[in-house]
Amino acid sequence: MTVDSHSVSLKIWDPATVDHALEEAISHVSAKAGAHRDHVKVTRSGPDVFTVHVGDLA
C-alpha cells in the first residue's frame with residue numbers, strides 16, 4: 001500500500017474484501033484531503049491494484 005494525503009494505492013489479493021477495502025480507502029482519502037466522497041475516484045491500475053484519489057473538483 002502506498003499512501004499520501006490525496007491518494008492511496010492498494011493491492012487487494014482477496015476478491016471478497018475488495019468492496020470493504022475500497023470503501024475504507026475512499027473514506028480515508030476523503031477525510032485527509034478534505035474532499036467530499038463524490039470527488040474521490042477509484043482507478044484500477046493493474047491486476048488487483050487500485051488507486052483511490054481525489055478527482056477533478058471543478
Side-chain angles (χ1 to χ4, degrees):
M1 174 170 56
T2 305
V3 179
D4 71 33
S5 63
H6 295 104
S7 70
V8 176
S9 293
L10 304 162
K11 180 150 183 114
I12 305 172
W13 298 92
D14 183 0
T17 66
V18 170
D19 289 340
H20 176 72
L22 291 177
E23 282 295 325
E24 289 293 320
I26 290 167
S27 294
H28 173 80
V29 169
S30 173
K32 289 290 187 178
H36 192 276
R37 289 176 56 95
D38 290 346
H39 296 291
V40 178
K41 307 296 181 203
V42 177
T43 321
R44 188 171 197 160
S45 51
D48 305 322
V49 178
F50 300 86
T51 301
V52 179
H53 58 95
V54 176
D56 185 13
L57 298 175

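Count residues from 1 along the sequence.
No side-chain donor-acceptor contact under 3.5 Å links S30 to the backbone of I26. No donor-acceptor distance shorter than 3.5 angstrom exists from the side chain of K32 to the backbone of S7, with no hydrogens or angles considered.
Considering every non-hydrogen atom in both A25 and L10, the closest pair reads CB-CD1, 3.7 Å.
Residue D19 qualifies as open at atom CG: its count of foreign heavy atoms under 6.0 Å is 12 or below.
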| side chain to side chain contact (heavy atoms under 4.5 Å, CB included) evaluation trace for H28 with E23 | CA-CA 9 Å; H28 173 80; E23 282 295 325; over 6 Å; no
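Of the inter-residue distances, the one linking S9 atom OG with F50 atom CZ reads 11.5 Å to the nearest 0.5 angstrom.
Between the side chains of T43 and H53, at least one donor-acceptor pair of N or O atoms lies under 3.5 Å.
No chain of hydrophobic side-chain contacts below 4.5 Å, direct or via other Ile, Leu, Val, Met, Phe, Trp or Tyr residues, connects V49 to V40.
If you run side chain to side chain contact (heavy atoms under 4.5 Å, CB included) between V42 and each of L22, V8, T51, V29, only L22 comes through.
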